[in-house]
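First up is the structure itself, then whatever we jot down about it.
The model shown is predicted, which means the values in this text are computed figures rather than measured ones. Counting convention: from 1, in listed order, for ligands and their atoms alike. Residues: numbered from 1 along the sequence shown.
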Amino acid sequence: MDKFVITGGTPLQGEIAISGSKNSALPALAGALLTDKPVTLKRIPRVRDIRTMQRLLVDIGAKVEAQGETFQLHTARIVCPEAPYELVKTMRASSLVLGPLVARSGRARVSLPGGCAIGSRPINLHIFGLEQLGASIHQSHGYIEAEAPDGLRGAVIDFDRITVTGTEDLMMAAVLAKGETILRNAAREPEVVDLAELLARMGAQIEGAGTSTIRIQGVELLGGAEHTIIPDRIEAGTFAIGAAITNGDLTITGCQPDHVGALVSKLQLAGVDVTQPGPNSLRVRGAGRLRSVDMTTEEYPGFATDLQAQYMALMTQAEGIAIITETIFENRFMHAQELVRMGANIRLDGKQAIVAGPRELTGAGVIASDLRASASLVLAALMARGETVIDRVYHIDRGYEKIEAKLARVGAKIRRVE
Ligand code: EPU
C-alpha cells in the first residue's frame with residue numbers, strides 16, 4: 001500500500017490547475033448507457049473511481065476508449081444489466097447505473113451498498129423513485145432487482161431528503177419514461193446541472209436543473225453527444241485551503257469560482273485574502289493570522305460536506321474556537337483523531353467538532369480513512385513541523401488526480417513511497 005511522506009513548513013506558491021469533476025464525470029459516464037449512439041466526454045479526471053466506473057460500464061456492454069482526458073463510449077447493446085458487489089462495495093456511485101439500465105433495457109440488478117467509512121449511505125430514495133416511475137423492485141441476496149418490461153412512466157417524485165446521486169439516477173431514469181416526471185426537493189449541486197446539460201445534448205427534455213424542482217418530459221430515444229465535464233469544485237476548495245493553511249499564495253486556474261462560494265466566504269471571514277483574477281481562477285493568499293469561524297455543512301449552495309475535513313485542518317490553526325457541524329453524513333469525523341495525533345485540540349460531540357486553536361501541529365504517522373479525510377491530513381502535514389507519513393493513500397487516489405505531482409509543483413515537499 002502506498003504512503004505519502006510529507007515534510008511540512010513550505011508555503012504553497014504559484015499556479016495550480018484543476019481537473020474535471022469526479023462527481024460530475026461519474027454520472028455522465030453512467031448516462032452514456034442511455035443511448036446506443038456514441039457519446040464523447042472530455043475532461044474526465046484520471047482517478048481510481050473513474051477506472052472503477054469504466055470497468056463496470058465495460059461489463060455492462062459499453063465500448064470505452066480513453067485517450068488522456070477524453071472518453072469515447074458506445075453501448076450498442078446492454079449485455080449484462082448488473083452492478084456486482086465487488087464494484088459497489090469499493091464505489092457507492094456504481095448505483096448510478098440503476099436508473100439508466102432500467103430506462104434503457106427494462107431491467108437492472110445492482111448490489112446494495114454495505115457500510116461506509118462516513119455513514120450508512122443507503123439507496124432507498126433511488127429505489128423509491130424508481131417504484132414511483134413504475135418499476136417493480138425485489139430484493140434478495142444483497143441485490144436490488146428492478147424491472148419495467150413495458151418501460152417507465154412519468155411520475156411526481158418527492159424526495160424526503162436531498163440526495164445528489166439519487167437526483168441524478170432518477171433524472172436518468174425519467175428521460176426515457178413515458179410522459180412527464182417532476183422531481184421535488186431535488187439536489188441543486190452543479191454536478192446535477194452538468195448531467196442535465198449532457199442529457200439535453202443527447203436529446204432529453206429537462207427544465208429546472210439547479211433548482212429544487214426538475215421537470216422532465218420523457219422522449220423515446222436519446223442520441224449521441226459530446227460534452228465537457230465541469231471543473232472539480234472540491235479539488236479547487238482543497239487547494240484553496242492548502243494555500244490558506246500554509247500561509248501561501250496560490251492561483252487556482254481552470255476552476256469555477258461561483259461553485260466554491262460558501263468556502264470563499266468562510267475563508268474571507270477567517271482573514272484569508274481571496275480574489276478572482278479572472279473568470280476561471282481564484283487567488284488565495286494567507287494573511288499570517290487566522291480567525292476561527294464556525295461552519296455547518298449543507299447541501300449546495302451551502303458549505304460542502306466534501307470540504308469539511310479540510311476546513312477542520314485549517315481551523316486547528318485559527319485563533320479561537322470553531323464549531324464545525326456535520327449535517328449530511330453521521331460519521332464523517334474520522335480525520336479528527338488523526339489531527340489530534342498531530343497536536344490539534346479537537347473535541348467531538350455528536351454532530352459537532354469543537355476545534356480550539358491555534359495549536360502547533362507536528363509530523364506523525366497517520367492513517368487516511370476516506371477520500372476527503374486523506375486530503376485533510378495532507379493539508380495538515382503541509383503545515384506541520386517535521387515529517388508526516390500518511391498510510392492508505394489509495395483513498396486519496398480515488399478522487400484526486402496526481403495530487404502529489406500538483407502539490408510538488410507549487411512547493412510542497414511530498415513524495416509517494418510504495
Ligand atoms: N441518503 C438516504 N437515502 C438515499 C440516498 C441518500 O438516506 O437513498 C442520505 C445519505 O445517507 C446522506 C444524505 O442522504 O446522509 C445525502 O447523501 P447523498 O445521496 O446526497 O450522497 P451521494 O449522492 O451518495 C454524493 C457525492 C459525495 C458527497 C455527497 C453529498 C458523488 C459520486 N458522491 O454522494 O461525494 O459527499 O453527494 O454532497 O457524487 C466524495 O466525493 O468524497 C463524496 C463522498
Thinking salt bridges, do R184 and D158 make one under a 4.0 Å N-O criterion? yes

Ligand 1 and T165, any nitrogen or oxygen pair closer than 3.5 angstrom? yes

So which heavy atom in the protein is nearest atom 27 (C) of ligand 1, and how far is it from that ligand atom? D306 OD2, 3.8 Å

Sidechain-backbone polar pair: T35 side chain, L222 backbone, donor-acceptor under 3.5 Å: yes

N-O pairing of R233 and E191 below 4.0 Å: yes

Between ligand 1 and P122, is the shortest N or O to N or O distance under 3.5 Å? yes

Within the structure, is a non-hydrogen atom of R92 found at a distance of less than 4.0 Å from ligand 1? no

Give yes if a backbone or side-chain nitrogen or oxygen of A93 is under 3.5 Å from a nitrogen or oxygen of ligand 1, and no if not. no

Considering distance alone, does some N or O of I328 sit under 3.5 Å from an N or O of ligand 1? yes

Check for me whether E330 has a heavy atom closer than 4.0 Å to any atom of ligand 1. no

Determine whether any heavy atom of H126 lies closer than 4.0 Å to an atom of ligand 1. yes

Out of D232, D49, D306, D194, which residue meets the salt bridge (charged side-chain N to carboxylate O under 4.0 Å, His left out) rule with K22? D49

Could you tell me the separation between the CD1 atom of I18 and the CD atom of E401, rounded to the nearest 0.5 Å? 10.5 Å

Ring-face cation of R416 near F4 (centre distance under 6.0 Å, axis angle within 45°): no

Backbone or side-chain N or O of T163 under 3.5 Å from ligand 1 N or O: yes

